[in-house]
Amino acid sequence: MTGTRRIFMTGATGFVGRAVVPALRAAGYTVRCLVRRGSEHELRGLEAIERVEGNVLAHETLERGMAGCDTVIHLVGIIREHPATLSTFERVHTQGTVNVLDAAVATGVRRYLHMSALGSRPNARARYHKTKWAAEEAVRSSPIPWTIFRPSIIYGRSDEFVNLLAGLVRRYPIVPVIGGGLQRLQPVPVEHVAEGFARAVALETTVKQTYDVVGPDPVTMLRLLDLVGAAVGRTRVRKAHVPLGLVRPLARLFHRLPGFPLTPDQLLMLEEDNVGDPQPFYTTLGLTPVPLATGLRAMLG
Ligand SMILES: NC(=O)c1ccc[n+]([C@@H]2O[C@H](COP(=O)([O-])OP(=O)(O)OC[C@H]3O[C@@H](n4cnc5c(N)ncnc54)[C@H](OP(=O)(O)O)[C@@H]3O)[C@@H](O)[C@H]2O)c1
């Protein structure tokens with residue numbers, strides 16, 4: 001797996017992508033980012049990268065963009081659908097991945113790294129997970145040496161989820177918790193996800209492997225709120241449970257309103273455990289797990 005020089009990357013303008021780019025640059029790779037029109041500003045501050053305009057739903061932009069690249073890192077994913085722009089889970093996750101794989105084969109790419117999500121499976125309740133699974137299946141049937149990463153919640157300075165919790169904890173005396181709050185998550189720092197991608201590019205042992213990408217500490221939502229509270233200097237986080245039976249219809253009614261924090265699909269995912277085994281990822285990639293409390297203090301303190 002030697003000789004990789006130029007990496008074509010999708011999703012570089014996103015939260016995870018903005019961490020992956022510098023990790024790849026630090027490892028000595030040339031990075032070419034697929035950028036949607038209007039999103040260029042998200043790459044501000046990322047030095048010495050190539051940019052090509054395109055969209056994973058526009059096949060021709062992918063082949064053009066990949067010309068001369070030997071590796072593809074495909075990060076694109078959406079948590080909310082935008083039917084007005086035909087941006088659905090099926091199209092972006094599944095068809096988008098098929099398009100990227102087809103273009104990679106057509107342009108002679110020799111290495112492919114894929115971002116999926118923990119919980120993706122064929123019979124998942126959430127369409128986010130179902131369509132991510134279908135994308136994984138397309139990757140597994142590709143002739144290009146592939147690696148799949150399946151993270152739980154990823155946290156870092158510009159994430160959505162932990163920052164949302166931190167905002168609630170800082171601003172309000174009582175924080176709402178959906179349902180019992182006993183579902184378990186296993187947050188992983190974005191720096192480890194980024195470094196994992198950078199190291200996997202040239203690591204033969206990761207070929208045809210699928211990794212859970214999770215931190216060392218599975219925590220319930222209640223515990224996560226307490227850890228976030230501790231990280232922002234609260235001795236105690238008071239919580240009010242909001243019954244699922246109330247949140248579900250609200251999410252169905254209001255999820256398209258700007259600022260409404262939850263979609264029905266996200267709710268389905270929040271209702272289930274999202275935990276895995278950190279060991280194969282951390283050992284293979286030679287990374288050292290960081291306790292969640294430490295990572296959150298570094299992020300929020
Ligand atoms: N964040 C997490 O906790 C988490 C956990 C598990 C898995 N993941 C997966 O990790 C990946 C990155 O997540 P993220 O948190 O970085 O998401 P994000 O901040 O929303 O970024 C998504 C990226 O995808 C791009 N994109 C969306 N639709 C596109 C299209 N049709 N064509 C080209 N690019 C398109 C966005 O471009 P624009 O800037 O133009 O919108 C952006 O660069 C996703 O696949 C997500 O499912 C994330």
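Whatever order the structure lists ligands and atoms in, that order sets their numbers, starting from 1.
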Please determine whether a side-chain nitrogen of the Lys or Arg among Asp265 and Arg127 lies less than 4.0 Å from a carboxylate oxygen of the Asp or Glu. no
With distance as the sole criterion, is a donor-acceptor pair present between the side chains of Thr131 and His93 under 3.5 Å? yes
Within 4.0 Å of some non-hydrogen atom of Ile154, the atoms of ligand 1 are 2 (C), 3 (O), 4 (C), 5 (C), 48 (C)
Can you find an N/O atom of Gly54 closer than 3.5 Å to an N/O atom of ligand 1? no
Contact atoms of ligand 1, heavy-atom distance to Ser116 under 4.0 Å: 7 (C), 9 (C)
Applying a strict 4.0 Å limit to heavy atoms, is Pro151 in contact with ligand 1? yes
Note the single closest protein heavy atom to atom 41 (O) of ligand 1, along with its residue, its atom name and the distance in Å. Arg36 NH2, 2.8 Å
Only heavy atoms of Met115, strictly under 4.0 Å: list the atoms of ligand 1 that pass. 9 (C), 10 (O), 11 (C), 45 (O)
Within ligand 1, which atoms have a heavy atom of Ser152 less than 4.0 Å away? 5 (C), 6 (C)
State whether a side-chain donor-acceptor pair under 3.5 Å links Thr147 with Arg111. yes
With a 4.0 Å heavy-atom cut-off (strictly under), which part of Lys132 contacts ligand 1: side chain, backbone, both or neither? side chain
Taking the side chain as every heavy atom from C-beta outward, state whether Pro173 and Arg238 have any pair of such atoms under 4.5 Å apart. no
Tell me, please: is Tyr128 in heavy-atom contact with ligand 1, that is, under 4.0 Å? yes
Using a strict 4.0 Å cut-off to heavy atoms of Leu75, name the atoms of ligand 1 that fall inside it. 11 (C), 12 (C), 44 (C), 45 (O)
